[in-house]
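Worksheet: the structure to be examined is printed underneath.
Heads up: numbering here begins at 1 and tracks the sequence. We use all heavy atoms of the structure for the numbers below, so side chains are in, but hydrogens, waters and symmetry mates are not. Remember, it's 1-based here, ligands and their atoms both numbered in the order they're listed.
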Amino acid sequence: MRKIIVGSRKSNLAMTQTKWVIDQLKKAGIQNEFEIKQIVTKGDQILDVTLSKVGGKGLFVKEIEKAIFDQEIDFAVHSMKDMPSAIPEGLEISSIPDREDHRDAYIATNHMKLEDLKAGAIVGTSSLRRKAQIMAARPDLEIKWIRGNIETRIRKLNEEDYDAIILAVSGLKRVGLSEELITEYLDPEICVPAVGQGALAIESRADDMELTEIIQKIHDDYTAKTVLAERTFLHLLEGGCQVPIGGYAYLDGEEVILVALVGTPDGKTILKEEVRGNDPEQVGQEAAELLIKQGAKEIVDRVKEEME
Ligand SMILES: NCc1[nH]cc(CCC(=O)O)c1CC(=O)O
């Protein structure tokens, strides 16, 4: 039986996600042997510059994709939200497992609620999407850049001058950090999550049918449908950069409901629409069109220009 080589970044989150996928495959009855091959990406080496300036989140993904192409590895597990909206020719997202919690977590020292923070309090995030929405809710707060993996950010909250930070609930859960850390779960009414947040993308060569069949064993239709609506929306609005875009979809029976958002980083303009329908791609497209009519493209282009 074929031995399957799985590529993973070295971070705790990446390794945990990779091991989780292998574990799920085994539980689903797959008896192949798996080997994890660690890959150090450029994004992992760059810690001192802002990631968006050196090519954005696609950076983590590109080198792993090359390893799949070159048949050094058979598949890789990515955080869906780190996936650029276009997948290179020859590769595909061949399986999407069940999504973890989609929400952002607000974590404050002394569990101070977001609405109780004093004016001028410092909230750490390096996401313009989070910045825009926190600023919209609390224009009197200060947003300060924070970098590093999940564990590093928690340490910085305790050791540096941050009053609070925002992290994905899913990441916290996956690396085994206690949910007791979380002061508030931010629902999409307050903070629309990143497109694909909490979901995983299993990427492999499009022509590797044997492997596709194996990893499809843990494909989840609900997650795939909602992610399709979110990513269709994202694809129509951007080119892969880190811009203040959010999207979260869920199902109501057969219907897909998508909450889509584009905002200016200062939070002064927030465009937000809810679209529902039976066809995920159509829902994503409709949301994009609605926001584009209100000036979303101009916001996205301006943010991109400022980052250059
Ligand atoms: N930006 C980095 C990143 N990429 C994926 C996750 C975990 C969340 C997920 O699985 O979607 C995180 C951490 C975070 O945003 O707090």
Side-chain angles (χ1 to χ4, degrees), residues 8-21 24 41-44 46-47 50-62 64 76-85 93 96-108 123-134 143 145-157 162 164-179 181-186 188 191-203 220 223-224 226-227 230-231 234 240-249:
S8 176
R9 287 170 54 203
K10 272 172 103 168
S11 77
N12 190 13
L13 178 64
M15 283 298 288
T16 307
Q17 290 179 164
T18 302
K19 286 177 188 162
W20 182 84
V21 163
Q24 295 299 111
T41 69
K42 282 207 191 79
D44 294 311
I46 298 164
L47 291 166
T50 61
L51 193 61
S52 52
K53 288 206 176 117
V54 291
K57 54 189 180 178
L59 209 68
F60 291 123
V61 173
K62 266 189 207 141
I64 293 188
V77 181
H78 308 275
S79 295
M80 183 66 80
K81 77 167 185 176
D82 294 336
M83 293 302 277
S85 61
I93 296 176
I96 301 176
D98 195 10
R99 185 182 330 228
E100 232 315 344
D101 199 310
H102 60 276
R103 292 170 295 179
D104 277 332
Y106 162 87
I107 305 170
V123 180
T125 177
S126 45
S127 141
L128 295 180
R129 172 187 61 79
R130 289 172 179 152
K131 178 179 178 200
Q133 295 183 87
I134 295 296
I143 304 291
W145 208 254
I146 188 166
R147 274 238 29 189
N149 61 35
I150 297 165
E151 295 90 336
T152 305
R153 291 183 200 201
I154 301 280
R155 183 173 51 73
K156 286 182 175 175
L157 171 65
Y162 299 100
I165 55 172
I166 316 286
L167 286 172
V169 173
S170 54
L172 282 169
K173 277 197 184 174
R174 286 208 173 99
V175 301
L177 283 166
S178 162
E179 281 186 85
L181 278 172
I182 298 173
T183 309
E184 286 178 60
Y185 291 83
L186 303 179
C191 193
V192 180
V195 161
Q197 186 157 306
L200 300 176
I202 305 182
E203 191 178 23
D220 180 61
T223 305
T226 55
V227 163
E230 295 164 17
R231 284 176 61 79
L234 179 70
C241 263
Q242 200 233 24
V243 281
I245 296 179
Y248 170 63

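In Arg153, neither the side chain nor the backbone holds a heavy atom less than 4.0 Å from any atom of ligand 1. Residue contacts with ligand 1, taken as heavy atom pairs separated by less than 4.0 Å, involve Gln197 via backbone and side-chain atoms alike. Proximity of Leu200 to ligand 1, defined as any heavy-atom pair under 4.0 Å, is not found for any part of the residue. Looking at Leu172 against ligand 1, nothing comes within 4.0 Å, counting heavy atoms. Looking at Glu100 against ligand 1, nothing comes within 4.0 Å, counting heavy atoms.
Those atoms of ligand 1 that come under 4.0 Å of a heavy atom in Asp82, given as number and element, are 4 (N), 5 (C). Each of the following atoms of ligand 1 lies closer than 4.0 Å to a heavy atom of Leu13: 6 (C), 7 (C). Within ligand 1, counting atoms from 1 as listed, the ones closer than 4.0 Å to a heavy atom of Leu167 are 16 (O). Counting the atoms of ligand 1 from 1 in the order shown, those under 4.0 Å from a heavy atom of Ser170 are 8 (C), 9 (C), 10 (O), 11 (O). Interface atoms of ligand 1 facing Arg174, defined by a heavy-atom separation under 4.0 Å, are 10 (O). Contact atoms of ligand 1 toward Arg130: 14 (C), 15 (O), 16 (O) (distance under 4.0 Å to a heavy atom of the residue).
Ion pairing of Glu100 with Arg174 is absent here, as no side-chain N (NZ or NE/NH1/NH2) approaches a carboxylate O to less than 4.0 Å. The pair Arg130-Asp104 counts as a salt bridge, with a side-chain nitrogen and a carboxylate oxygen less than 4.0 angstrom apart. In summary, Glu179 and Arg103 do not engage in a salt bridge, as defined by a charged side-chain N under 4.0 Å from a carboxylate O.
The option from Ala194, Ser79, Gly198, Gly171 that lies nearest to atom 11 (O) of ligand 1, judged by heavy atoms, is Gly198. Nearest to atom 16 (O) of ligand 1 by heavy atom, out of Ala105, Ser126, Ala168, is Ala168.
Between the CD1 atom in Ile64 and the CZ atom in Arg9 there is a gap of 6.5 Å [rounded to 0.5 Å]. Interatomic distance, Lys19 NZ to Ser8 OG, rounded to the nearest 0.5 Å: 8.5 Å. Atom CG of Leu181 and atom CG of Leu167 lie 9.0 Å apart (nearest 0.5 Å). Rounded to the nearest 0.5 angstrom, Lys173 NZ and Ser178 OG are separated by 11.5 Å. Note that the CG atom of Leu234 and the OG atom of Ser85 stand 5.0 Å from one another [nearest 0.5 Å].
Remark: side-chain polar atoms of Gln197 are paired, donor with acceptor, to backbone N or O of His102 under 3.5 angstrom.
The shortest contact between atom 12 (C) of ligand 1 and any protein heavy atom is with Lys81 CE, 3.7 Å.
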